[in-house]
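Just so it is clear, the model here is predicted, and its values are computed rather than measured. Atoms considered below: every heavy atom in the structure, side chains included; atoms not considered: hydrogens, waters and symmetry mates.
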Amino acid sequence: MRRNEGRTVGLYTMVSPREKEVIDQKMAQLGTANLRAYLRKMAVDGYVVRLDMSSVVELVKLLRSISNNVNQIARRCNETHNLYAQDVEDLRRGYAQVWEGINKLLKKFEKL
């Protein structure tokens, strides 16, 4: 280590062969061969993204509910040959909730 760099604290770690392969692949993507520089840059300037997936879970629940409603309505339409206004309104409300949730989720992604 060069003294004029001001780096006097050593950090040491072990990685698995698979982790080393991933590191090598990422270095190749960046076009760098200097492992120390890469690791230092990632440790100092890299960032970790932790996603809150509760919004996605809620959207999946809404989509399942709508899917079940569509199946029930289709079954009833096939049996009675009628489509009720209330069924259509229920579907509209469900789709509106889903789109509202998707828009909120997209706004969260924009902030990343």
Quick one: list whatever passes side-chain contact (heavy atoms from CB on, under 4.5 Å) with [X], sequence neighbours left out.
X	value
Asn68	none
Ala74	none
Met42	Tyr38

Applying a strict under-4.5 Å side-chain criterion to I, L, V, M, F, W and Y, I'd like to know whether [X] and [Y] cluster together.
X	Y	answer
Val57	Leu63	no
Leu39	Val44	no
Val88	Val70	yes
Leu30	Ile23	yes

Applying salt bridge (charged side-chain N to carboxylate O under 4.0 Å, His left out), name anything that partners Arg76, two or more places apart in sequence or on another chain.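 Arg76 satisfies salt bridge (charged side-chain N to carboxylate O under 4.0 Å, His left out) with Asp87 once adjacent residues are dropped.
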
Under 3.5 Å, which donor-acceptor pairs do the side chains of residues 93-103 form with other protein atoms, sequence neighbours left out?
residue	atom	partner	partner atom	Å
Arg93	NH2	Asp90	OD1	2.6
Glu100	OE2	Lys104	NZ	3.4
Asn103	ND2	Trp99	O	3.3

Kindly write out the residues that satisfy side-chain hydrogen bond (donor to acceptor under 3.5 Å, both in side chains) with [X], not counting sequence neighbours, or none if the list is empty.
X	value
Ser54	Asp52
Lys61	none
Arg75	none
Asn78	none

Where at least one partner belongs to residues 14-24, residue pairs that pass salt bridge (charged side-chain N to carboxylate O under 4.0 Å, His left out), sequence neighbours excluded: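 Those involving residues 14-24 are Arg18-Glu21, Lys20-Asp24.
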
Give, for atom CD1 of Ile73 and atom SG of Cys77, the distance between the pair rounded to the nearest 0.5 Å.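 So the CD1 of Ile73 and the SG of Cys77 are separated by 7.0 Å.
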
To the closest 0.5 Å, what do you measure between CE (Met53) and CG (Leu59)?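 Going from the CE atom of Met53 to the CG atom of Leu59 covers 10.0 Å.
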
